[in-house]
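As a basis for the values below, the full set of heavy atoms in this structure was taken, side chains included, without hydrogen atoms, waters or symmetry mates. Given the structure is predicted, the values throughout are model-derived calculations rather than measurements.
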Amino acid sequence: VRRWNGSAIVAAPAERDPALFSSVSALALGPGGAIWFGGANGYVGKLADDAVTTFGEGHAVLTSTAWELLPTTGGDVWVGTSASGLGRLRGNSLLHITTDDGLPANSVRAICEDREGNLWIGTAGGGLTRLRPRRVAALTTRDGLSHNGIMALAEDAAGNVWIGTNGGGLNRWHAGKVEPHAPNYVL
């Protein structure tokens, strides 16, 4: 992991073997300017105040590549992985959520928190999941998604959740339903 210190690119201090951080596949900005990062070597790390802290080594959720990280307004950090589901870091504890818990697939490509505190989880092939406290709802092509491979998620100022798919273009969650979005292209 490297950072810009205002005048040069420098290596971030590492408490462990620097080779651990050689493959970084997920980055997110957290509260207070902390940089969260994760990768293929079974880790999630946080860079804050020139110190690197790692979390969850050896935990089942971190046995595959961290593809997506989301620090939430409540202080949790959600980790989407390539094959071992979803993880939630809360303090020093790590919760593991998989298909056994209601996820439609264990390959999590995108995560978004909306203004109501719902967590939107996009999977590679299993569609979209909305996670509310104590409730999981999966959305697929049967519910109007143009494709079940979800690659990106974002909420706009109006509260719509935008869904980028792998092969089905752009979709929007609006007024309680999924709508494919067909933009007007000007060539």
Side-chain angles (χ1 to χ4, degrees), residues 23-28 36-44 55-56 58-90 93-156 158-183:
S23 177
V24 175
S25 54
L27 286 171
W36 288 86
F37 58 96
N41 297 334
Y43 69 89
V44 170
F55 300 87
H59 193 284
V61 76
L62 297 177
T63 57
S64 60
T65 301
W67 271 349
E68 181 75 4
L69 295 168
L70 176 70
T72 66
T73 56
D76 295 335
V77 177
W78 290 91
V79 182
T81 69
S82 61
S84 52
L86 183 69
R88 183 194 70 200
L89 282 166
R90 179 176 285 166
S93 68
L94 185 59
L95 172 71
H96 190 192
I97 300 171
T98 68
T99 52
D100 293 340
D101 304 301
L103 278 180
N106 283 328
S107 180
V108 177
R109 292 294 304 194
I111 311 169
C112 175
E113 181 184 32
D114 69 19
R115 65 183 65 202
E116 296 174 1
N118 296 309
L119 195 67
W120 294 84
I121 304 150
T123 65
L128 181 66
T129 299
R130 181 172 58 174
L131 181 63
R132 296 178 176 184
R134 297 180 218 12
R135 199 164 128 203
V136 176
L139 302 168
T140 66
T141 53
R142 292 184 304 266
D143 304 296
L145 276 175
S146 60
H147 196 281
N148 283 334
I150 309 301
M151 302 299 287
L153 294 165
E155 182 185 29
D156 67 19
N160 299 303
V161 175
W162 291 91
I163 306 153
T165 70
N166 183 18
L170 190 61
N171 293 242
R172 177 177 69 161
W173 174 262
H174 173 75
K177 64 180 181 176
V178 176
E179 303 170 338
H181 183 69

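Partners of Ala124 by side chain to side chain contact (heavy atoms under 4.5 Å, CB included), not counting sequence neighbours, listed by chain and number: Ser107, Arg109. In this structure, the side chain to side chain contact (heavy atoms under 4.5 Å, CB included) partners of Asp100, at least two apart in sequence or on a different chain, are Thr98. Residues passing the ring-ring contact (aromatic ring centres under 6.0 Å, His included) test with Trp67: none are found, sequence neighbours excluded. Judged as a side chain to side chain contact (heavy atoms under 4.5 Å, CB included), and not counting sequence neighbours, the contacts of Ala158 are Asp156, Asn160. Annotation: side chain to side chain donor-acceptor pair (under 3.5 Å) contacts of Asp143 (sequence neighbours excluded): none. Partners of Thr73 under the side chain to side chain donor-acceptor pair (under 3.5 Å) rule, at least two apart in sequence or in another chain, are Glu113. Scanning for ring-ring contact (aromatic ring centres under 6.0 Å, His included) contacts around Trp120 gives Trp173, with sequence neighbours left out. Partners of Thr165 under the side chain to side chain donor-acceptor pair (under 3.5 Å) rule, at least two apart in sequence or in another chain, do not exist in this structure.
Listed by first then second residue, pairs satisfying side-chain hydrogen bond (donor to acceptor under 3.5 Å, both in side chains) with a partner in residues 121-130 number zero, not counting sequence neighbours. Sorted by first then second residue, the salt bridge (charged side-chain N to carboxylate O under 4.0 Å, His left out) pairs that include residues 162-171, not counting sequence neighbours, number zero. Among residue pairs with one or both ends in residues 73-87, those qualifying as salt bridge (charged side-chain N to carboxylate O under 4.0 Å, His left out) are Asp76-Arg90; sequence neighbours excluded.
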Problem - Residues Ile97, Ile121; criterion side-chain contact (heavy atoms from CB on, under 4.5 Å); working and verdict - result: CA-CA 11 Å; Ile97 300 171; Ile121 304 150; over 6 Å; no

Exercise for the section: Mind running side-chain contact (heavy atoms from CB on, under 4.5 Å) on Val108 and Trp78 for me, showing each step along the way? Expected result: CA-CA 11 Å; Val108 177; Trp78 290 91; over 6 Å; no

Handout entry: Worked check of side-chain contact (heavy atoms from CB on, under 4.5 Å) between Leu128 and Leu153
Key = CA-CA 10 Å; Leu128 181 66; Leu153 294 165; 3.7 Å; yes

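Minimum interatomic distance between Ala26 and Glu68 (heavy atoms only, all atoms of both residues): CB-N, 3.8 Å. Ser146 and Gly169 get closest at one heavy-atom pair: OG-N, 4.3 Å. Shown here for Ala28 and Pro71, the closest heavy-atom pair between the two residues is CB-CD, 3.6 Å. Taking every heavy atom of both residues into account, Ser64 and Ala83 meet most closely at OG-N, 3.2 Å.
Side-chain contact between Val161 and Asn118 is absent, with no heavy-atom pair separated by less than 4.5 Å. Counting only heavy atoms from C-beta outward, the side chains of Leu94 and Val44 never approach each other to under 4.5 Å. A heavy-atom distance below 4.5 Å is found between the side chains of Leu119 and Ile111.
Using a distance-only test at 3.5 Å, with no hydrogens or angles considered, no donor-acceptor pair links the side chain of Thr140 to the main chain of Gly127. Ser82 places a side-chain N or O within 3.5 Å of a backbone atom of Thr65 that can act as its donor or acceptor partner. The backbone N or O of Gly159 lies less than 3.5 Å from no partner atom in the side chain of Asp114, so there is not a single donor-acceptor pair. Within the 3.5 Å criterion, the main-chain N or O of Thr99 finds a donor-acceptor partner in the side chain of Asn106.
Distance CG/Leu170 to CD/Glu179: 11.0 Å, rounded to 0.5 Å. Atom CZ of residue Arg172 and atom CD of residue Glu155 lie 13.0 Å apart, to the nearest 0.5 angstrom. To the nearest 0.5 Å, atom CG of residue Asn171 and atom CD1 of residue Ile163 are 5.5 Å apart.
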